[in-house]
Trainee: 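I'd like to ask you about the structure that follows.
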Amino acid sequence: MAIATINPTTGQVLKSFEPHTAEEIEARIAAADAAYRRLAGTTFAERAGWMRRAAEILEREADDVARLITTEMGKTFGSAKYEALKSATGMRHFADNAERYLTPEAPVPASDVNASALSVRFDPIGVVLAVMPWNYPLWQAVRFAAPALMAGNTGLLKHASNVPQSALYLGELFERGGFPPGAFQTLLIEGAAVAPLLDDRRIRAATLTGSVAAGASVAEAAGRNVKKTVLELGGTDVFIVLPSADVEKAAELAVTARVQNSGQSCIAAKRYYVHTEVYDAFADRFVAGMAATVAGDPMAEGTTFGPLATERGRRDVQELVDDARSKGATVLTGGDAPDGAGWFYPATVLADVTPDMRIYREECFGPVACLFRVKSIDEAIERSNDSDFGLSSSVWTNDEGEVARLGREIDAGGVFVNGLTASFPAVPFGGVKDSGYGRELSAFGIREFTNVKTVWRA
Ligand code: NAP
C-alpha cells in the first residue's frame, strides 16, 4: 500500500511519502537501541515527568491533531478530539502507575524456596516493534507506547500506510516531552517490509494490532527468531439482549455500538442476538435508530459518522452485504453505497442471515449489523461462541444469575454488562482465538514486554 494521506471525504491524495531507505531504517534501529541503553539508567520519576510533558503537549495541540486524524481517516472531528484527549489520559495513567505495576514482588516467603531473600523483578527488554492500524491512529499507538516507555523499553512504530502524518506526529511527541532521542520513532515502511525486521537482533519483540493475516505474518517471523509477540486482531463481537434488559436503552446504545468510528472498530458490536420476548420491541427501535444516523462530512456538526477510511474498505463492506443479499438476507435499512465523492456507507441492518453467507463468520469493518432472534440464553451463548473470533462482548440483562453465566461462558477477552465495550487504561484489553493473544493496558499490558526476573539469594 502506498504511503499517503488520501482524504476519505473527497478521495483526494493530499500528500505522498517515500518509504524509508535501508540506510534510514538502520539509523532508526541503531538510535532505538542506543536510546534503550540510556533509558534503562533512568528512574520511573524521570520517565513519568517526560510522559506527563508529552501528554500536556498533546492536550494543547488536540484541535490540530484531531483535524489531521479526520483528514487522514475520516472520523468525525469530535471523536478525533476525544481520541487525542483519551490518549493523553492514557499517558498520564502510565506516568502515575507504572512504578506500582512494576514493583518487584515476592510470590512466596523466601524460606519456602531455601532463600534468605527472594524477589521477582519486571525489567525492560529493549527495542519493541509496534505495527499499528489506522482506525484509532493515536490511541492504538499510545496504548502501546505509554506503558512500553514507562517500563524502560524503546519503540519503533510502523503505522498504517494511510495515516503517515499521524505517525510522524507520534514519532516526535515523546522526544518533545523529554525522552532521549530515539526512544520512540516512526518507520515509514510498507506492510511487506515488516517481517524481515524481526531478523534484527536489536529488535527484541513485536506487537501488532490489525488483521489476522498481518498478525500471523509478524508472529511467524518473530517465531523463527524466538521473539515474543502480542497480537490484537479482529473481532465479530456480540450484543446480546435478554428479556430483563432495559430494551429502550439497549436499542439506543446498540446503534452507537455499531456505527462508532463508521463501524471500523475491532470492538464494535457486529452480531446482535436478541431474545424472542423482546425482539420486536428492540428491532423496531434499533432499525429506526440506525436509519436516523447521518453519514456525512466529518467536520460538520450533526454528522453521526464520517466516510469509511479507504476505498478498498468500502468495497469489502459492499461485497459482504451483496453476498448476504444474494443468498436471501433481508436488508432492513441501508445496504447500498451512495453515489458521489467520498467513501461513505450508510448504517445498515441485515436480518435472516444464515451460515452460508460470508458475513455470518467474517468481520465486517463498516456500519453493518446482523440481527438474530434467539429463544434462550443458552442459544445466545452457543451462537456467540460459534465464531473464530473472541475479542469482547456487550450483554444486556438485569438478572444476576444471567450476568454470572454470561461472564463465565462467553468465550471472549471481555464481557461488558449493560454498557458498551470500551478500552480503559487501567483495564486489560485483548482477545482469544483469532482475535489474538496477550493483553494491552493495565498491569497485565505493561508486563507483557518485561523480563520477569527471579532474584534468589542464599
Ligand atoms: P491490516 O491490513 O492488518 O493493517 C494493520 C497494520 O498491519 C498496518 O500497519 C499494516 O501496514 C500492517 N500490515 C499489513 N500487512 C502486513 C504484513 N503482512 N506484515 C506486517 N504488517 C502488515 O489491518 P486493517 O484492515 O488496516 O485494520 C483493521 C483490522 O484491525 C481489523 O481486523 C480490526 O478488527 C483490527 N483491529 C484490532 C484491534 C484490537 O485491539 N484487537 C484494534 C483495532 C483494529 P500497511 O498499512 O502498510 O498495509
Side-chain angles (χ1 to χ4, degrees), residues 1-6 8 17 19-20 72-75 83 129-144 156-164 166-167 170 186-198 203 206-222 229-237 260-270 308-317 320 361-366 387-392 412-414 421-424 427-441 445:
M1 195 168 165
I3 302 174
T5 298
I6 306 174
F17 295 80
H20 284 151
E72 290 207 299
M73 55 70 64
K75 73 174 63 183
E83 180 180 337
L129 175 66
V131 184
M132 291 293 151
W134 44 263
N135 60 344
Y136 293 89
L138 235 51
W139 173 236
Q140 293 292 354
V142 162
R143 72 193 205 182
F144 157 73
L156 286 170
L157 171 66
K158 181 279 180 269
H159 219 322
S161 292
N162 57 331
V163 290
S166 303
L170 281 165
T186 282
L187 290 178
L188 284 184
I189 55 173
E190 290 167 4
V194 170
L197 294 178
L198 271 305
I203 295 177
T207 181
L208 180 140
T209 300
S211 61
V212 176
S217 156
V218 166
E220 192 182 330
T229 49
V230 167
L231 300 181
E232 299 287 355
L233 308 177
T236 51
D237 283 5
Q260 58 179 320
N261 218 35
S262 308
Q264 304 162 121
S265 171
C266 53
I267 50 171
K270 289 158 192 154
L308 301 195
T310 64
E311 190 172 20
R312 156 103 191 270
R314 182 170 75 164
R315 201 166 53 236
D316 290 346
V317 168
L320 286 175
R361 293 216 160 264
E362 293 180 29
E363 179 181 34
C364 180
F365 224 49
S387 167
D388 295 331
F389 294 101
L391 192 52
S392 194
T421 303
S423 57
F424 301 97
V427 177
F429 184 98
V432 295
K433 301 195 274 187
D434 284 359
S435 293
Y437 51 74
R439 291 293 177 266
E440 289 188 300
L441 303 171

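Counting convention: from 1, in listed order, for ligands and their atoms alike. The figures here come from the full heavy-atom set of this structure, side chains too, leaving out hydrogens, waters and symmetry mates.
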Trainee: What distance separates S392 OG from D237 CG, expressed to the nearest 0.5 Å?
Mentor: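 So the OG of S392 and the CG of D237 are separated by 5.5 Å.
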Trainee: Among Q264, M73, Q140, whose side chain to side chain contact (heavy atoms under 4.5 Å, CB included) with P133 holds?
Mentor: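 The residue from Q264, M73, Q140 that satisfies side chain to side chain contact (heavy atoms under 4.5 Å, CB included) with P133 turns out to be Q140.
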Trainee: Can you tell me which residue and heavy atom of the protein come closest to atom 37 (C) of ligand 1, and the distance to 0.1 Å?
Mentor: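 Of every protein heavy atom, L233 O, 3.0 Å lies nearest to atom 37 (C) of ligand 1.
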Trainee: If you count the atoms of ligand 1 from 1 in the order shown, which ones are under 4.0 Å from a heavy atom of L391?
Mentor: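 It comes down to these atoms of ligand 1: 41 (N).
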Trainee: Can you find a non-hydrogen atom of F429 under 4.0 Å from ligand 1?
Mentor: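 Checking ligand 1 against F429, which is what was asked, there is a heavy-atom contact under 4.0 Å.
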Trainee: Can you list the ligand 1 atoms lying under 4.0 Å from a non-hydrogen atom of K158?
Mentor: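 Atoms satisfying the 4.0 Å criterion: 9 (O), 11 (O), 45 (P), 47 (O).
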Trainee: Of the side chain and backbone of F365, name the one, both, or neither that has a heavy atom under 4.0 Å from an atom of ligand 1.
Mentor: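 Side chain only; the backbone of F365 stays clear of ligand 1.
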Trainee: Could you list the atoms of ligand 1 found under 4.0 angstrom from a heavy atom of V218?
Mentor: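 Those atoms are 20 (C).
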Trainee: Report yes or no: does E220 have a heavy atom closer than 4.0 Å to ligand 1?
Mentor: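 It does not; every heavy atom stays at 4.0 Å or beyond.
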Trainee: Between M73, R143, E440, Q140, which one has a non-hydrogen atom sitting closest to atom 40 (O) of ligand 1?
Mentor: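 That would be R143.
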Trainee: Does the ring centre of F365 sit less than 6.0 Å away from the ring centre of W134?
Mentor: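 Between F365 and W134, which both carry aromatic rings, the centre distance is below 6.0 Å.
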Trainee: Which of the numbered atoms in ligand 1 are below 4.0 angstrom from a heavy atom of V131?
Mentor: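 Here the atoms of ligand 1 in question are 6 (C), 7 (O), 9 (O), 12 (C), 21 (N).
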Trainee: Could you name the option among C266, A160, S161 that has the heavy atom nearest to atom 47 (O) of ligand 1?
Mentor: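 Checking each option, the heavy atom nearest atom 47 (O) of ligand 1 is found in S161.
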Trainee: Give the single entry among A268, A214, G235, G234 that approaches atom 14 (C) of ligand 1 most closely by any heavy atom.
Mentor: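 Heavy atom nearest to atom 14 (C) of ligand 1 belongs to A214.
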Trainee: Relative to the heavy atoms of H159, which atoms of ligand 1 are at a distance of less than 4.0 Å?
Mentor: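 With H159 as reference, the close atoms of ligand 1 come out as 9 (O).
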Trainee: Going by the rule side-chain contact (heavy atoms from CB on, under 4.5 Å), which residues pair with S387 if we only count those two or more places apart in sequence or in a different chain?
Mentor: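 Listed in chain order: T236, R271, F389.
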Trainee: Considering only heavy atoms, which of A213, S217, A192, P164 lies nearest to atom 18 (N) of ligand 1?
Mentor: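 That would be S217.
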Trainee: Only heavy atoms of G210, strictly under 4.0 Å: list the atoms of ligand 1 that pass.
Mentor: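 Under 4.0 Å from G210, ligand 1 has these atoms: 3 (O), 5 (C), 23 (O), 29 (C), 30 (O), 32 (O), 35 (C).
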